[in-house]
Each structure stands twice: as C-alpha cells, then as structure tokens.
Amino acid sequence: MNIAQIEENLQVLLSSLNPESFVYDLLLAYDTPRSSIARLQKGGLNLAKNEGELAWKKKLFFKTTQNEDLHALISSLRTDGSVTKLDPRFIIVTDFQTLLALDRKTADTLDIPLSDLPRHFDFFLPWAGMEKTQYQNENPADVKAAERMARLFDEIRKDNPAAITPEAVHSLNVFLSRLLFCYFAEDTGIFEKGQFTNAIGSHTQPDGSDLHTYLDRLFEVLNTPRNLTGVQNLQELPAYLAAFPYVNGGLFKDTHHAPRFGRRSRQMAIEAGELDWSAINPDIFGSMIQAVVTPEHRGGMGMHYTSVPNIMKVIEPLFLDELRAELTAARGNPKRLNALLTRLQNIKIFDPACGSGNFLIIAYKELRRLEMDIFRELGGLALSNVSLGNFYGIELDDFAHEVATLSLWLAEHQMNQLFFREFGRGKPALPLTQAGHIVHGNATRLDWEVVCPKRDGDEIYILGNPPYLGSSLQSVQQKEDMALVFKGTDGYKNLDYIACWFLKGADYVRNHNAQFAFVSTNSICQGEQVALLWPHLFRRNVEIGFAHTSFKWVNNAKANAGVTVIIVGVRNEQPKTPKYLFSKNRKVLVTNINAYLAQGRNVVVGKLNDPLSNLPTMDYGTKTVDGGYLTLTFEEREKLLEKSPEAAIFIKKFTGSNEFINGIDRYCLWIEKENIEEALQIEEIALRIEKVKQMRLSSPKKATVEMADFSYQFGEVRYIKSNAVIVVPRVSSERRDYIPFGFLNDDYVVSDSAQAIYNADSWLLSILLSRMHMTWVRAVAGRLKSDYRYSSQLVYNTFPFPVLSERQRAELEECTWRIIDEREYHSEKTLAQLYDPDKMPEGLRQAHRANDAAVERLYRSRPFETDEERLEYLFKLYEQMLAEEKNRGTLFEKEKKTRKK
C-alpha cells in the first residue's frame, strides 16, 4: 500500500468516525490483514483484560478514556509492566478529541488533535512495512506526487482502453510530461498561482467529457508565439486560455492529442494539482516514467530510476566532497574563492545512460548551491555561471531523453528562483531554451568524446546508473554491443552488460582530468567477472578511488523495487590522493582498493584446477542426464517398494544443494553393471531404464546419444564409496553467516547441484565452516541473483590456508564435532532452519565462534577485528602462496590448463 492511499484511508476514517471500531479502522488504514483484525475483534490476538483496551503483542497497546489526563495516562503506560512485557511497538491513548502515541522503538512521540491524524500518517508507517526513516530519507512531496500521478494515469488508462499500441503509450507518456509541467508551472511562478488547475475546475464539465478538448486547445496556446495571427490568434480565444503564456522549448511542439477523461479521472487531475508542486524535485519525472511505461518496455530498456539520497552516494565522493572541502579552506580568501568559482564554470557532468536525467539534475543543483555559498562568502552580486551547457547525457529511450531535457530546465528554474530570493537577481523564466546536451542514441555505439568533448581546462565527471543485465538476460542487440566494445578480448560474453560502460569510461578518462563513478550490480566485483573485466581496466592505468560495498538500492518510483548494488569510482592513477571505502555506513581511508572492493593490492583471483593449499580435491556431483527417470521422490520410492520390495538394493538416497539444506528426501536408482540383469526383472525399473534410453537416443547431442548404451546409470557418475563425504552446496543464501556444509555417508549419491569431497577428514569441515573461509567466499565467489555460487575452481582451490600440524588438526576435529553435536541437538530442524541468522540456536552459534577463533589462530596469534582485515590478510597470503608455486613452476601449468578449458 502506498502513502497516498494511507493518507486517503485516514481521511475516510475520520469522516465517519466510529469510536467502537476506531482502532480496527486505524489498523486497516495501514493495510493490516483483515484476518488479523478479525482475530483481534474475537479476542484471539487481543491480550487486553480491560474494556476500552487493545493489547496486540509486539504491535500495539491502545486505550480509550474520557475522564483521565491523557499525558499522565501514557506516561504510566510506558512503564507499566503488564504493557511492556507485551513489547508493543506503539502505545496509543485517545479521548477521540486528542490522540497521544509513543513509538517504543524510536522513542518518537505524537500529540495531536485527532482531526490532524492524516497529516501525521508517517508516524505509524511501520504497520505498513515502512520504517519512518525510510520515508523521511526521501522528499515526501516527491513520493506523494509520484503515487498520486501513477493513480491518475491508471485511471486514464481505464478511460482509454484502446491505448495499448507503442505509439499510443508514447502519446500518453508525452501527455503526462505536459501535465506535470503545468502543475509545476502554476506553483513556481511560470503560470499564475493555481491557473492550470483552476481552469480545469471552472471551464470543463464535471463528467470529464470535454477535458481532452480543452487540454488540446491549451497545449496549442502554450506552443503559440504571441506575434502569430490566424487560427491561433489569441484575440479569438477565451480570456482564460489567452491568459496562458508562450512556453516554447519543444514540449508542446508535436501534436499528441490528450486522452479522454471520466468523472473520476477529472477529479483526480484536479486533486493532483492541489499538491504543492514547488516542492517537487525535477527527478520525479523519472519516477513518473517508470510508473507509466509498460513493464516489458522498462525491463527491456534496462532503465533504473534513482532517489536523491542514493544519487548523493555517487556524486559526493566523486567530486562534491572535495569541492566543499575546498570552499571551507578558501573562506576569507577572495582570490581562492574566485578561483573556485572559475573551477565550477569548467566542470562538465556527463551521464552516458541518463534516463530521465536524475543524476544530471541533482549534480546541477548541488553545484548551483555550492556556487551560492561562494557568492555569500564574497558578499558581492553576480549571476550564476554554472551552465546547463556543461551537462551531457546519452539515452537510448527517445521519450526519456526528451524528459531529461525538460527536467534539466525545471531544475534550472528552481535554482534561479532560489538564487533570486537570495540575491535579488535572476534570469527570465520564459520562453524555454534548449537545456543541456542530451543525445538520443546507444551509449555503447556512440563516441563519448563526440558527445562530451574533452578540452584543455575541463574537469569532467562521468556518472550514472547504466543497465545491468547479466549475460543470460541480454538481447541479441546487447550481445552485439558487447562484442563491439570488447572486440579483441576473451571471455567478455560472461560479463554483465554494464561492463561496457566501465571499459568505455576507462578509455575516456585516460590521460585527462576526468573520473567516473557508476552504480552497478556487485557481480562485476565478484567471481569470474573480476578476472574478465578488471585486468583490462587496470592496464589503462586507472585505479578505484572510492567504492561503496554491496547495499540495497531503492528509489521513489512506483513499487519501489530494490536491488543489491555497489558504487565504484574510477580515476587515473593517483597514488598520493586519498581513497575511501564505504561499507555499512562506515567511511574508511585505505591505501588501495582492489577489484573485490577490499583494501589490498590489485590482486585478481583466477580459476585453478587444483587446490593452492594442501587440501584434498573437491569433485563435482553426479550429473543425471536421465530425463528424471532414474530419480525418485519419497512417494515414488514407497510405491516402488510396496510393489517390488526386492528393489530396495537398487535404491540410494540422492541429494543436492536444495535437498541437503532443506531436508528433502529424494532417492535414485543405483545399479551396477554386474547387477543389471537382476534389476531388469523388476518391471518398474525396466520401464524407467527404457525411458532413459529413448530420451538419450532422441538427444541432438552426440555425447548424450552415446550414453544410451548404459541407460541404467546416470550420465556422468562421480560417486565414490566413502565413509565420510563432505557435501558442498553450490548455491546458498547470502543471508547465512555460514554455508551449511556437512557430512554424509556412502548411502548417499551427491547430485551435480552440489559438490563433494570424498574420504574427507573431519578437520577439513572445520575450515570450510570458518569465518575466514566465508570471508573468502563473499569476496571471490560468483552470485546467482544475490545468493552465493560456490565454485571449486574459483573459491576452494584458490583459498589460502597454512600447513597444519597434527596437534592443530586434532583441535579442528574437536571444533567440527562440537558443531555436528549442536546440530544433532536440534535434529528436528533442517540446516536451512538452523542457519537462519535470526533463529540460529545459541549453542550452535557459540560452537561456530569457537571454531572461528581456532581457525584464525592458524593464520596469526592476534585476533582479526573486522572482515576487511581478514580479507586483506587472505589476499596477501594468496599472493605469497601464488608466487611460491610459480617459483616452483607448478602452478604455471595449472593456470595454462585452466585457460585452455
């Protein structure tokens, strides 16, 4: 549920206030499930013992009164043991004239007339799954307007069901941008205050039947210079239309007829105009586009729309922090301040995947604010010299590129108004002029130096949020783009699409006063993509100047979908310039940032066929290639044994990552060559083997066809009879502190969704379950979405580990069995349940901590304080061990074999 809907719900609640149902109506306003409300009303969830009270554990304590002092009442409730033992998030008291509330998590309080509740809707947002800080980090006007406009557009689509062609959708999008402009104009002095909204309300029919005609005439007026005569002669128009000014700028130039309206959509258009659009950030235009374009179009174009707080994570470390520091140092020094003004005039901002211009807009506004700070210091009068002519962009989507131009102009108008209020001088608002250099085209194909020319004296910052798109999601066109950008290099087909922007960015900034910073999926700094991309960048003599490690990237668009991302800032090598690593709200000064976004040298971990450390071999699991006919569910096994009990000797347990972690029973037929005749006597088994044979014979792959000769077995058998097999899940949730590796015996066949270490000693499991190993996994493993994708060649074989003494092995074995014992204490739970970080049993957690400490002592006696420190140590050890192997000449051959594969 969105915030506009919540506010509307609260208004409805107060318009027909019912004291008996008030608290239930209040919870419903925030989208509390009706089933929960019903249980509260029936007493199932309500733990209160007194009339007029509601006590919902962890959620709410509510009390009504008519005679008590509300302030004294809430003060007593906040320390009342019968209340606090229920740990309610909110305590609310009311006499239905005044409402007092306490948020026990944040200690925030609310003391308002009940009639003001809709204005304070954000206080109870946690009921809707949104923390108040999450809402307050955004401009409330932006979020509210975005939701209001999205609802209006949805209603317009209902009134225009035939508008489904790409051309019709485009026209609707153009109409929306015009509507947004008019709302903005009447609240910012371009039009008269309320001129547009009042005209709709006063000069169109309540049923909306003539609104589209009115808007078509209005938009023609806005595109008509005042010196023209004829059909557009203003003297022939009603005064309420003729009063609108000439706008120009191309926004109203092309003919796009307004959609039809109904009574409801007309009223919603008027209500939208009643918002204060002067408080809107122009970057809301991007959110508007995302709210209205079709999901297929949005996903296919790879368009992402971004909130202001997240954009600041890019531009502050890229250039703004340094400029602010220079201003602080220059205060009181006019010569230095004027030099800084000159520097601002020479800064160019370039977004080669600009969408609707979010990054450009925020960068422009921040530079204008900085310029105003300098003018205040100088105490003189001047006009701004931060020009939109120094802002450049490339955008593949035609409409988004048009809106980026408009949005930049709106940003300029906002800043000119701010400048005028501060200094009493400013530029005229109308007519619009061309804003910025926004090019419509494919950024992977265009020459960036033609779009944004590099000249002596320029200071250029490239930034943005290019499309991500893993290799499996790329279109034919995008794969061709990749081939063009990475021409002459190997392995690029496994890179994310965004790698194109990193390579072109490195080429652009090379040997020039320029830097770039992009928001990216974390894939390019994990797993095999590091070796495929970063050596090409580092060879261009660039370095990472700053980086944000993985965090959730959300925006103020409709649905507010989030994705895990990183931010990477790249510049020409500057060994003496500070580098900063941002991680979990910490900013750390480091000597170097490597491609894994960790402090340390620029080491790149590549695949190895054999373990670098003295560890046993890890094998793939068995690959079935059976069409599912040799595997059995629990029910299929029971049915087979009921009919043919003698089949039991041909059945083994079968497990992969999912089965092992989630405790799923699965089985397989396991038939040795010498037992095939006996197995074929069982009808069900014979039938299954025949189906495998037919499946393999019908395959277009020669290797699969050849497998038909032994259709009683899996396609690639890697099972080894062993008393102790360590199962290694190939995919595991990123939420877990540890991947739940574990032991199985030879009753199990491990499938190829997992890997296995056969005849494994128990000390090895201790190493795999350690924090040191998990730190390595997080850095170098690939990802499947956001989950860890464990690779023997990339993670296990490259893991640096010291040589063990017998005493050390014995200590690790004790740690292993303590962990196994703790798991056994909770044998009714699956590994997924045991390793849920929120529900992990304390005994198991303590066993892991003891194991972590034991493993870390093998590396050094002094404890590690952070994972960053652990990773820096591991990278150093990896380099050292790598060098030792190369000196012996053994690893060189291993690497060469890996590259050939």
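Positions are given from 1 along the sequence. What's counted below: heavy atoms across the whole structure, side chains too, no hydrogens, waters or symmetry copies.
Both tests pass for Lys313 against the ring of Phe551: distance under 6.0 Å to the centre and angle within 45° of the axis.
Judged by distance alone, with hydrogens and angles left aside, the side-chain atoms of Gln417 form a donor-acceptor pair with the main-chain N or O of Thr188 at under 3.5 Å. Using modelled atom types, one side-chain atom of His440 and one backbone atom of Leu396 make a donor-acceptor pair closer than 3.5 Å. Listed for the Gln478 side chain is a donor-acceptor partner under 3.5 Å among the backbone atoms of Ser475. Under a 3.5 Å cut-off, the side chain of Arg266 and the backbone N or O of Gly201 do form a donor-acceptor pair.
Within the 4.5 Å cutoff, no side-chain heavy atoms of Val509 are placed close to those of His512. A heavy-atom distance below 4.5 Å is not found between the side chains of Thr255 and Phe219. Put simply, the side chain of Leu327 reaches to within 4.5 Å of the side chain of Asp373, judged on heavy atoms. A 4.5 Å side-chain heavy-atom check between Phe518 and Val314 finds every atom pair outside the cut-off. For the pair Gln414/Phe184, a side-chain contact is recorded, criterion being any heavy-atom separation below 4.5 Å from C-beta on. Looking at heavy atoms from C-beta onward, Ile567 lies out of side-chain contact with Phe582 at the 4.5 angstrom threshold.
With sequence neighbours left out, His256 forms a ring pair (Phe, Tyr, Trp, His ring centres under 6.0 Å) with His170. Residues satisfying the side-chain hydrogen bond (donor to acceptor under 3.5 Å, both in side chains) criterion with Arg571, sequence neighbours excluded, are Glu543. Asp187 is linked by a side-chain hydrogen bond (donor to acceptor under 3.5 Å, both in side chains) to Lys193, counting only residues two or more places apart in sequence or in another chain. Residues satisfying the side-chain hydrogen bond (donor to acceptor under 3.5 Å, both in side chains) criterion with Thr444, sequence neighbours excluded, are Asn442, Asp481. With sequence neighbours excluded, the residues satisfying side-chain hydrogen bond (donor to acceptor under 3.5 Å, both in side chains) with Asp458 are Lys348.
At a cut-off of 3.5 Å, with distance as the only test, a side-chain donor of Arg368 or Asn416 sits close to an acceptor on the other residue.
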- Item | From CA spacing to verdict: ring-ring contact (aromatic ring centres under 6.0 Å, His included), Phe191, Phe244 | CA-CA 7 Å; Phe191 297 167; Phe244 283 92; 5.2 Å; yes
Donor-acceptor pairs are to be reported for all side-chain atoms of residues 447-454 against protein atoms at under 3.5 Å, with residues two or more places apart or in another chain.
residue	atom	partner	partner atom	Å
Asp447	OD1	Glu449	N	2.9
Trp448	NE1	Ala443	O	2.8
Glu449	OE2	Lys454	NZ	3.3
Lys454	NZ	Tyr508	O	2.6

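Tested against Phe391 for a ring-ring contact (aromatic ring centres under 6.0 Å, His included), the candidates Tyr461, Phe359, Tyr364 yield a single pass: Tyr364.
Residues Tyr468 and Tyr497 keep their aromatic ring centres 6.0 Å or farther apart.
A distance of 8.5 Å separates CG of Asp496 from CG of Leu473, quoted to the nearest 0.5 Å.
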